[in-house]
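Here the structure comes first, spelled out in structure tokens, and everything after it is commentary.
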Amino acid sequence: MIAQPPLPFWQTKTLDEMTLSEWESLCDGCGRCCLNKLIDPETDVIYTTAVACKLLDASSCRCKDYVGRKRHVPDCIRFTPETIADYGWLPDSCAYRLLVEGYDLPEWHPLVTDDAESVHEAGFSVRGMAVSEEAVPNPDDWHEYIIRIVEE
């Protein structure tokens, strides 16, 4: 009988059981969570814009200063196993959201493909479409960049 390879950690552990390294590796590098959001105060509808945080590297779709990001962007959100379910505006393809909702990682996820470029090649990243908030500094102008509407 041929032994089956062990299942990957995301299929055998809960989010709370993961090591920090495992947790961090779930990020596919799409950059979507780094896109600025506008919230309608009357309806709580969330509008995702193509205007990205000033720390997002538009080419790699990774933070330019991940470890020190809170110094530059004090309201940057730190996702944790305890809080991830609170962020319904995360894209449907987000590994954190998928796992908390009981789904597996998509076939293009870098942990599945062992290729960091697979998220970009599959068209799930913001590469080529995000503009830095430094180029559009006034949030009043962000309405022109709305790409997604999330009704909570």
Side-chain angles (χ1 to χ4, degrees), residues 8-10 14-16 18 20-152:
F9 72 89
W10 63 87
T14 66
L15 296 177
D16 289 325
M18 292 180 189
L20 180 59
S21 176
E22 289 169 337
W23 172 263
E24 293 286 334
S25 73
L26 291 175
C27 176
D28 60 26
C30 72
R32 290 177 172 195
C33 61
C34 298
L35 296 177
N36 285 298
K37 284 47 167 193
L38 297 172
I39 303 172
D40 184 319
E42 294 178 18
T43 64
D44 289 332
V45 171
I46 300 170
Y47 300 90
T48 302
T49 72
V51 181
C53 171
K54 65 184 177 184
L55 292 180
L56 183 70
D57 178 311
S59 176
S60 69
C61 296
R62 294 287 185 169
C63 185
K64 295 176 191 173
D65 186 10
Y66 184 71
V67 173
R69 67 192 185 280
K70 295 288 261 180
R71 280 193 319 266
H72 307 287
V73 182
D75 60 347
C76 181
I77 297 170
R78 180 176 175 261
F79 300 118
T80 68
E82 297 78 30
T83 64
I84 199 68
D86 297 338
Y87 301 107
W89 50 261
L90 285 169
D92 296 342
S93 59
C94 176
Y96 299 112
R97 180 173 177 177
L98 287 169
L99 293 177
V100 83
E101 293 178 358
Y103 298 100
D104 200 358
L105 299 183
E107 62 186 12
W108 49 261
H109 192 283
L111 284 175
V112 175
T113 64
D114 199 31
D115 178 5
E117 289 296 305
S118 61
V119 65
H120 310 296
E121 291 166 0
F124 281 91
S125 77
V126 300
R127 181 184 282 171
M129 60 83 66
V131 59
S132 174
E133 65 189 6
E134 292 177 318
V136 188
N138 186 345
D140 290 339
D141 296 332
W142 294 357
H143 289 87
E144 298 174 32
Y145 294 87
I146 291 173
I147 58 172
R148 181 173 179 245
I149 301 170
V150 180
E151 296 189 38
E152 292 283 308

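Predicted model, so just to flag it, every value in this text is computed and none were measured. Below, each value reflects all heavy atoms present in this structure, side chains not excepted, and no hydrogens, waters or symmetry copies.
- Among all heavy-atom pairs drawn from V100 and A85, the shortest one is CG2-CB, 4.3 Å.
- Nearest heavy-atom pair, S25 versus H109, reported as atom, atom and distance to 0.1 Å: O-CE1, 3.9 Å.
- Between W142 and E133, some side-chain heavy-atom pair lies under the 4.5 Å cut-off.
- Checked options S125, C94, S93; the residue passing with R32 is S93 (criterion: side chain to side chain contact (heavy atoms under 4.5 Å, CB included)).
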TODO: Decide side-chain contact (heavy atoms from CB on, under 4.5 Å) for D115 and E121; before the verdict, give the C-alpha distance in whole Å, the side-chain angles of both, and the deciding distance to 0.1 Å.
DONE: CA-CA 10 Å; D115 178 5; E121 291 166 0; 4.0 Å; yes

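- In this structure the side chain of W10 reaches within 4.5 angstrom of the side chain of L111, judged on heavy atoms.
- Counting heavy atoms from C-beta on, the side chains of K70 and R78 never come closer than 4.5 Å.
- Going from atom CG of L56 over to atom CD of E134 covers 11.0 Å, rounded to the nearest 0.5 Å.
- Within the 4.5 Å cutoff, the side chain of C27 has no heavy atoms near those of the F79 side chain.
- In this structure the side chain of I77 never reaches within 4.5 angstrom of the side chain of T83, judged on heavy atoms.
- A distance of 10.0 Å separates CD1 of I84 from CD of E101, quoted to the nearest 0.5 Å.
- In this structure, Y103 and L99 approach most closely via the heavy-atom pair O-CD2, 3.2 Å.
- A donor-acceptor contact shorter than 3.5 Å links the side chain of T49 to the backbone of N36.
- Heavy-atom neighbours of N138 CG from other residues, nucleotides or ligands within 6.0 Å: above the threshold of 12.
- The closest side-chain heavy-atom distance from L98 to P106 is below 4.5 Å.
- In this structure a side-chain-to-backbone donor-acceptor pair under 3.5 Å is present from Y96 to W23.
- No side-chain heavy atom of V136 sits less than 4.5 Å from a side-chain heavy atom of E144.
- In E82, the CD atom is crowded: over 12 heavy atoms of neighbouring residues, nucleotides or ligands sit closer than 6.0 Å.
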Open item on the list: Could you walk me through whether Y145 and L35 satisfy the side-chain contact (heavy atoms from CB on, under 4.5 Å) test, starting with their C-alpha distance in whole Å, then the side-chain angles of each, then the deciding distance to 0.1 Å, before giving a yes or no?
Closed with: CA-CA 10 Å; Y145 294 87; L35 296 177; over 6 Å; no

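- For R127 against S60, the heavy-atom pair with the smallest separation is NH2-CA, 4.2 Å.
- One N or O on the side chain of R148 and one on the backbone of W89 form a donor-acceptor pair closer than 3.5 Å.
- If you take OG1 on T80 and CG on L20, they are separated by 11.5 Å, rounding to the nearest 0.5 Å.
- Of the possible donor and acceptor atoms, one in the side chain of R97 sits under 3.5 Å from a partner among the backbone N and O of L90.
- Rounding to the nearest 0.5 angstrom, the gap separating the CD1 atom in I46 from the CD1 atom in I146 is 12.5 Å.
- Side-chain atoms of M129 and I147, non-hydrogen and from C-beta on, do get closer than 4.5 Å to each other.
- In terms of heavy-atom proximity, F9 sits nearest to E22 at CE1-CB, 3.4 Å.
- Taking both residues in full, the closest heavy atoms of K37 and T48 are given as CE-OG1, 4.0 Å, listed atom of the first, atom of the second, then distance.
- If you take SG on C61 and CZ on F124, they are separated by 13.5 Å, rounding to the nearest 0.5 Å.
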